[in-house]
Amino acid sequence: MYPVSPSCSESGRRGMEYLLKRAYPPDAVFAASAIPLVGALAVLHERGVQIPQQIALAGFSNEPFTTMTQPHLTMVDQRAEQMGQSAVRLLLQLLKRNSQVNHPNVFLKPELIIRDSSRR
């Protein structure tokens with residue numbers, strides 16, 4: 001289980017409430033992480049906004065719970081597990097050599113996982 005600050009989902013709620021008050025509300029929202037997106041999703045459900053017909057939702061991080069929401073959330077998977085493995089591998093190499101070395105850049109290709117929250 002991930003430690004979740006209530007303020008994270010609350011910031012998504014506040015952001016969505018702000019966007020819905022605008023003269024021209026958006027037809028899509030992209031969040032920097034999944035937890036605020038869940039807060040935004042709750043506001044849309046409370047107001048009867050149809051997802052994705054009226055507002056599509058997508059976010060960054062692809063946490064496991066993003067397939068437990070209704071609708072399932074479209075996410076960009078940034079390969080967090082591979083990122084952590086690469087970081088540890090590089091750290092161990094540095095510690096073995098006991099000095100700073102030039103090492104190659106590591107590129108991890110993100111994946112867009114399209115789910116129901118953005119399918120129109």
Side-chain angles (χ1 to χ4, degrees):
M1 185 71 169
Y2 296 99
V4 176
S5 165
S7 63
C8 290
S9 63
E10 185 59 33
S11 68
R13 290 184 64 84
R14 285 193 310 267
M16 184 54 68
E17 288 168 353
Y18 169 79
L19 291 172
L20 291 175
K21 290 178 186 174
R22 301 196 41 98
Y24 299 100
D27 65 351
V29 171
F30 185 89
S33 71
I35 296 170
L37 195 60
V38 171
L41 177 66
V43 169
L44 295 174
H45 281 309
E46 290 165 7
R47 299 216 180 165
V49 176
Q50 294 179 337
I51 306 157
Q53 295 83 353
Q54 292 175 283
I55 296 180
L57 296 175
F60 195 76
S61 76
N62 196 36
E63 301 293 345
F65 65 83
T66 60
T67 60
M68 298 175 200
T69 60
Q70 281 301 321
H72 296 176
L73 297 171
T74 293
M75 301 301 292
V76 175
D77 186 345
Q78 81 280 11
R79 311 284 190 213
E81 187 173 334
Q82 289 177 341
M83 196 182 309
Q85 289 171 351
S86 295
V88 168
R89 197 174 308 113
L90 289 172
L91 176 62
L92 291 174
Q93 287 173 3
L94 280 172
L95 292 173
K96 256 185 190 175
R97 294 185 181 129
N98 200 17
S99 65
Q100 290 202 352
V101 294
N102 291 334
H103 30 94
N105 292 326
V106 176
F107 295 97
L108 302 175
K109 185 177 179 184
E111 177 186 4
L112 175 62
I113 302 170
I114 300 172
R115 297 189 183 116
D116 294 337
S117 69
S118 66
R119 280 194 189 119
R120 290 188 176 163

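The figures that follow rest on heavy atoms only: side chains count, while hydrogens, waters and symmetry mates do not.
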Contact summary for A80 and D77, nearest pair of heavy atoms
N-OD1, 4.3 Å

Search all heavy atoms of R13 against all heavy atoms of G39 and return the closest pair with its distance.
CG-O, 3.2 Å

Verify same cluster id: M83, F60 (apolar side-chain graph, 4.5 Å)
no

Out of T74, L57, T69, which one pairs with L37 under the side-chain contact (heavy atoms from CB on, under 4.5 Å) rule?
L57

Does some side-chain heavy atom of R115 sit less than 4.5 Å from a side-chain heavy atom of T66?
yes

Nearest non-hydrogen partners of H45 and Q70, listed with the distance
NE2-O, 2.6 Å

Hey, could you give me the NE2/CG distance between H72 and D116, rounded to the nearest 0.5 Å?
6.5 Å

Between V38 and L19, is there a shared hydrophobic cluster once you connect ILVMFWY residues whose side-chain heavy atoms come closer than 4.5 Å?
yes

Just wondering, do M68 and E63 contact through their side chains at under 4.5 Å, heavy atoms?
no

State whether the side chain of R119 and the backbone N or O of P52 hold a donor-acceptor pair below 3.5 Å, judged by distance alone.
no

Heavy-atom check, side chain of D27 versus side chain of R120, under 4.5 Å
yes

Quick one: does R79's side chain have a donor or acceptor within less than 3.5 Å of a partner on K109's backbone?
yes

Ignoring hydrogens, what is the shortest heavy-atom contact between A34 and F65? Give both atom names and the distance.
CB-CZ, 3.6 Å

Distance check, rounded to the nearest 0.5 Å: L41 atom CG versus E46 atom CD?
10.0 Å

May I ask you to check whether over 12 heavy atoms, not counting those of Q53, lie within 6.0 Å of atom CD?
yes

When rounded to the nearest 0.5 angstrom, what distance separates CD1 in I113 from CG in L73?
11.5 Å

Mind checking whether Y18 and I51 sit in one hydrophobic cluster, side chains of I, L, V, M, F, W, Y counted as touching below 4.5 Å?
yes

Could you state whether I55 and F30 fall into the same hydrophobic cluster, counting links through intermediate Ile, Leu, Val, Met, Phe, Trp or Tyr residues with side-chain heavy atoms under 4.5 angstrom apart?
no

Given L20 and L44, is the side-chain contact (heavy atoms from CB on, under 4.5 Å) satisfied, shown in steps?
CA-CA 9 Å; L20 291 175; L44 295 174; 4.0 Å; yes

For R22, I'd like to know if atom CZ has over 12 heavy atoms of other residues, nucleotides or ligands within 6.0 Å.
no

Minimal heavy-atom distance between G48 and Q54, with the atoms involved, is O-OE1, 4.0 Å

Check whether any side-chain heavy atom of L108 lies under 4.5 Å from a side-chain heavy atom of Q85, and answer yes or no.
no

Are any of the side-chain heavy atoms of M75 and S61 separated by less than 4.5 Å?
yes

Non-hydrogen side-chain atoms of S9 and I35 separated by less than 4.5 Å
yes

